[in-house]
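Just below is one structure, and these are the notes that go with it.
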Amino acid sequence: MPRAALLIGLTVAIAPAQAWADNPPPFETGGNLAAARAAAKDLGENLRSELIAALKAGGPSAALGVCRTVAPSIAENASKTHDLTVGRTALKVRNPDNTPDAFERRVLADFVRKAAAGSDPATLEHAEIATENGKSTFRYMKAIPTAAEPCLVCHGSNIEASLKAEILELYPSDEATGFVAGELRGAFTVRRQIR
Ligand code: HEC
């Protein structure tokens with residue numbers, strides 16, 4: 001796999017573990033990549049099961065509350081468990097707190113390009129050691145595809161009118177609608193300071 005030193009930090013394309021046997025990238029030290037992948041998986045799976053349970057129990061309106069209040073606490077738990085910070089971001093956000101920084105914007109744009117070129121969004125991930133405020137920080141992102149079920153209920157083009165009104169009341173600057181199944185919705189994003 002290609003490796004490229006950028007002006008800031010070092011970019012290493014994700015490669016199968018075997019290809020690293022002789023010369024592992026620096027973010028492998030301390031198990032950063034394994035922890036990041038596990039945190040993204042935890043957050044994704046726990047959110048999804050809470051979301052589906054809430055949709056079943058109380059419909060989209062109840063599930064909205066899960067996304068709003070439960071999502072941050074699931075992210076916090078996954079962060080603690082894996083000793084890092086994990087969250088979600090996207091180019092088009094519902095919650096402005098999830099707005100991407102410059103690094104995230106660049107990686108998301110790269111995911112969009114790769115998906116347009118035919119990559120399955122479910123396989124896209126990126127890890128890098130970045131320099132932030134003079135400190136080395138491990139950063140990781142994993143693409144989140146839009147599934148037809150249940151994502152489009154709240155992120156698609158035909159959102160039921162009363163649900164749409166509720167969403168806009170909670171998120172007046174909502175940009176996260178109009179997605180289609182299979183499209184890149186956003187990404188899990190991880191940071192961990194290198195010690
Ligand atoms: C019941 C409505 C609902 C459903 C269904 C839903 N979401 Fe969301 N989604 C939300 C809400 C509300 C937020 C804002 C959460 C917050 O305040 O952090 C959100 C935020 C997000 C974010 C974080 C970025 C942003 O826009 O703020 C991503 C990524 C995301 N959703 C992906 C998905 C995916 C993928 C699915 C399907 C598995 C899905 N959502 C299903 C309501 C929903």
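Remember, it's 1-based here, ligands and their atoms both numbered in the order they're listed. Here the structure is a predicted model, which means the values were calculated and not measured.
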- line: For atom 14 (C) of ligand 1, the closest protein heavy atom turns out to be Tyr171 OH, 3.4 Å
message: I want to know if ligand 1 touches Arg48 in the polar sense, i.e. an N/O pair below 3.5 angstrom.
response: no
message: Would Thr89 count as being in polar contact with ligand 1, using the rule that some N or O on each side must be under 3.5 angstrom apart?
response: no
query: Does Pro72 have a heavy atom less than 4.0 Å from any atom of ligand 1?
result: no
query: Atoms of ligand 1 less than 4.0 Å from Pro60 heavy atoms?
result: 1 (C)
field: Shortest protein heavy-atom distance from atom 20 (C) of ligand 1, along with the residue and atom involved
entry: Arg88 NH2, 3.5 Å
message: Does Lys56 have more than 12 heavy atoms from other residues, nucleotides or ligands lying within 6.0 Å of its NZ?
response: no
- prompt: Which residue holds the protein heavy atom closest to atom 23 (C) of ligand 1, what is that atom called, and what is the gap in Å?
  reply: Asn98 ND2, 3.6 Å
message: Tell me whether Arg192 forms a cation-pi arrangement with Tyr140, defined as NZ or CZ under 6.0 Å from the six-membered ring centre and within 45 degrees of its axis.
response: no
query: Is it true that the side chains of Asp42 and His82 contain a donor and an acceptor less than 3.5 Å apart?
result: yes
message: Contact between ligand 1 and Leu64 is defined here as a heavy atom of the residue under 4.0 Å from a ligand atom; is it met?
response: yes
- prompt: Are Phe179 and Leu184 connected in the hydrophobic side-chain network, where two residues link if heavy atoms are under 4.5 Å apart?
  reply: no
task: Considering non-hydrogen atoms only, spot the tightest contact between Thr146 and Val180 and give its length.
output: CB-O, 3.6 Å
query: For Lys41 and Glu45, what are the C-alpha separation, side-chain angles and deciding distance, and is it a salt bridge (Lys or Arg N to Asp or Glu O under 4.0 Å)?
result: CA-CA 6 Å; Lys41 189 164 181 271; Glu45 284 177 357; 3.5 Å; yes
task: Among all protein heavy atoms, pick out the one at the shortest distance from atom 5 (C) of ligand 1; state its residue, atom name and that distance to 0.1 Å.
output: Pro150 O, 3.4 Å
- prompt: Under the criterion side-chain hydrogen bond (donor to acceptor under 3.5 Å, both in side chains), which of His126, Glu128, Glu104 is the partner of Arg139?
  reply: Glu104
query: At a 4.0 Å threshold, what atoms of ligand 1 neighbour a non-hydrogen atom of Pro145?
result: 35 (C)
task: Would you kindly specify which portion of Ile144 sits under 4.0 Å from ligand 1, judged on non-hydrogen atoms: side chain, backbone, both or neither?
output: side chain
query: Quick one: are Leu64 and Arg68 in side-chain contact, heavy atoms under 4.5 Å?
result: no
query: Any side-chain heavy-atom pair from Arg94 and Glu175 closer than 4.5 angstrom?
result: no
Nearest non-hydrogen partners of Cys67 and Ala71, listed with the distance: O-CB, 3.0 Å
task: Apply salt bridge (Lys or Arg N to Asp or Glu O under 4.0 Å) to Asp101 and Arg105, showing your working.
output: CA-CA 6 Å; Asp101 66 12; Arg105 205 172 283 283; over 6 Å; no
task: Sum up the protein N, O or S atoms located under 2.8 Å from atom 8 (Fe) of ligand 1.
output: 1
